[in-house]
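Data first, discussion second: the structure below is written as structure tokens.
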Amino acid sequence: MARKKTLKLATFNVNGVNTRLPNLLEWLDAEKPDVVALQELKATDQAFPAQAIEKAGYGAVWQGQPSWNGVALLGRGTVPIESRRRLPGDAADTQSRYLEAAVHGIVVAAIYLPNGNPQPGPKFDYKLEWMERLARHARTLVGLPHPVALIGDFNVIPTDDDVYDPRSWRKDALIQPQSRQAYARLLGQGWTDALREVFGEERIYTFWDYFRQHAERDRGLRIDHLLLNPVLAKGLEGAGVDRWVRLREKASDHAPAWVTVSAPG
DNA sequence: ATGGCTGGCGACGCCAGA
């Protein structure tokens with residue numbers, strides 16, 4: 001009888017892939033995720049540390065940009081097969097925020113959704129337009145007969161249960177009704193928000209800002225999400241957040257969030 | 001109600017993040 005194999009999919013906003021390379025490599029070695037989406041590379045394509053990541057046992061595809069943004073997909077022991085490197089719907093949008101590839105038999109989209117601050121304003125408009133474009137594209141993926149995951153930094157606090165104190169974030173783009181409604185509409189297509197599914201009523205955060213020792217005091221936000229289409233959600237086994245990474249010296253302000261799923265096929 | 005911290009850039013302060 002064949003033993004059921006489990007895959008671990010993770011998303012991690014590294015906040016500078018080169019500045020944070022030691023943290024990233026320590027985490028990869030400790031947790032050994034099979035599929036990783038990275039956001040906020042803050043590096044050009046040329047500066048992406050492909051050799052160090054390959055030495056750690058991971059193949060990679062990436063889309064960099066000077067100073068800001070930047071996304072990558074890593075596969076443990078395999079090179080992801082890229083299927084798309086732009087979110088359709090706006091040829092003038094040059095920000096590196098989307099990358100899609102087949103990894104270990106799963107179609108995985110790495111998402112770095114715009115922050116949208118300050119709101120109101122053009123940056124918030126861009127965020128909402130980006131979410132509309134994401135929803136349009138996601139609609140073409142959710143019903144596919146093979147497993148699909150949208151994972152990344154969505155920059156949306158879905159509900160008041162996803163923030164240590166909603167009042168201190170009430171003017172922020174991440175918590176606005178328009179942002180929440182757009183996220184809810186996306187889920188309504190049939191995606192499973194895996195962390196919430198697994199944790200139920202329990203509080204779980206993925207981001208803690210650098211102020212007032214918020215990480216140590218666990219005053220965080222849940223803004224990094226792993227959305228699974230129905231085919232993949234059927235195999236959902238577990239989920240978690242590697243908070244220990246956030247408590248390291250010189251840490252990113254996000255921690256890696258992950259799911260375990262039964263391997264397709 | 002506000003400011004507090006951090007990284008990238010490129011030359012000490014500014015922008016952007018969330």
Side-chain angles (χ1 to χ4, degrees), chain A residues 11-25 27 37-49 62-72 93-98 110-131 134 151-180 182-183 195 203-225 241 243 245-257:
Chain A
T11 178
F12 184 20
N13 179 323
V14 285
N15 189 12
V17 71
N18 285 306
T19 302
R20 222 72 67 188
L21 190 57
N23 309 52
L24 173 62
L25 295 175
W27 170 67
L38 298 176
Q39 304 87 32
E40 281 212 82
L41 303 180
K42 293 186 173 181
T44 61
D45 281 339
Q46 293 72 23
F48 183 81
W62 61 93
Q63 191 196 169
Q65 183 182 325
S67 306
W68 298 298
N69 307 323
V71 284
D93 182 7
T94 56
Q95 300 189 27
S96 297
R97 297 182 175 276
Y98 189 90
I111 307 246
Y112 180 43
L113 211 145
N115 170 299
N117 283 305
Q119 73 78 32
K123 293 193 172 184
F124 191 57
D125 296 341
Y126 173 63
K127 178 193 190 93
L128 296 179
E129 286 160 15
W130 206 94
M131 293 187 83
L134 177 61
I151 65 179
D153 177 358
F154 283 69
N155 271 318
V156 176
I157 301 167
T159 74
D160 283 354
D161 294 329
D162 299 305
V163 48
Y164 64 92
D165 178 9
R167 284 173 308 170
S168 46
W169 290 83
R170 69 192 180 286
K171 291 182 177 174
D172 197 279
L174 279 60
I175 205 171
Q176 294 312 303
Q178 298 100 307
S179 308
R180 288 182 162 179
Y183 183 76
L195 278 175
R203 294 267 171 165
I204 182 76
Y205 302 132
T206 66
F207 166 91
W208 302 258
D209 67 31
Y210 288 119
F211 308 122
R212 302 174 183 219
Q213 294 188 298
H214 276 170
E216 291 79 0
R217 297 160 59 204
D218 199 21
R219 292 170 71 79
L221 316 177
R222 188 174 74 94
I223 54 175
D224 300 271
H225 305 307
V241 174
R243 184 164 168 239
V245 177
R246 177 63 183 85
L247 299 172
R248 280 287 191 270
E249 288 293 309
K250 303 285 288 178
S252 166
D253 37 11
H254 297 249

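Quick caveat, the model's predicted, so the values are computed rather than measured. Just so we're on the same page: letters track the sequence lines, and every chain starts at 1.
When the options W169(A), W208(A), Y164(A) are evaluated for a ring-ring contact (aromatic ring centres under 6.0 Å, His included) with H214(A), the one that passes is Y164(A). Results of the salt bridge (Lys or Arg N to Asp or Glu O under 4.0 Å) test with D162(A) over R180(A), R222(A), R203(A) single out R222(A) as the only residue that passes.
Set against dG7(B), dG17(B), dG8(B), the side chain of R20(A) has dG7(B) as its closest nucleotide.
Distance noted for atom C1' between dA11(B) and dC15(B): 15 Å (whole Å). Rounded to whole Å, the separation between the C1' atoms of dA18(B) and dG4(B) comes to 13 Å.
Nucleic acid contact for H214(A): none, since no nucleic acid atom lies under 4.0 Å from a heavy atom of the residue. Here N18(A) lies out of heavy-atom contact (under 4.0 Å) with every strand.
Comparing K42(A) and P114(A) against DNA chain B, the residue whose closest nucleotide sits nearer the 5' end is K42(A). Along DNA chain B, the nucleotide nearest to K171(A) and the one nearest to A251(A) differ in position, and the one closer to the 5' end is contacted by K171(A).
As a whole-Å value, the separation of R97(A) CZ from dA18(B) C1' is 12 Å. Computed from coordinates, the K123(A) NZ to dA18(B) P distance equals 11 Å when rounded to whole Å. Rounded to a whole Å, the CD atom of Q39(A) is 14 Å from the C1' atom of dA18(B). Taking atom OH of residue Y126(A) and atom P of nucleotide dA18(B), one finds them 13 Å apart after rounding to whole Å. With rounding to whole Å, Y164(A) atom OH is found 15 Å from dG4(B) atom P. The separation between F124(A) atom CZ and dA16(B) atom C1' is 17 Å, rounded to whole Å.
OP1 or OP2 of dA1(B) has at least one side-chain nitrogen or oxygen of R170(A) nearer than 4.0 Å. Under 4.0 angstrom from either OP1 or OP2 of dA18(B) there lies at least one side-chain N or O belonging to Y112(A). Dashed line: the shortest gap from a side-chain N or O of T19(A) to OP1 or OP2 of dT6(B) is not under 4.0 Å.
Contact annotation: side chain of N155(A) to base of dA18(B), donor-acceptor pair absent below 3.5 Å.
R167(A) CZ: 12 or fewer foreign heavy atoms inside a 6.0 Å radius.
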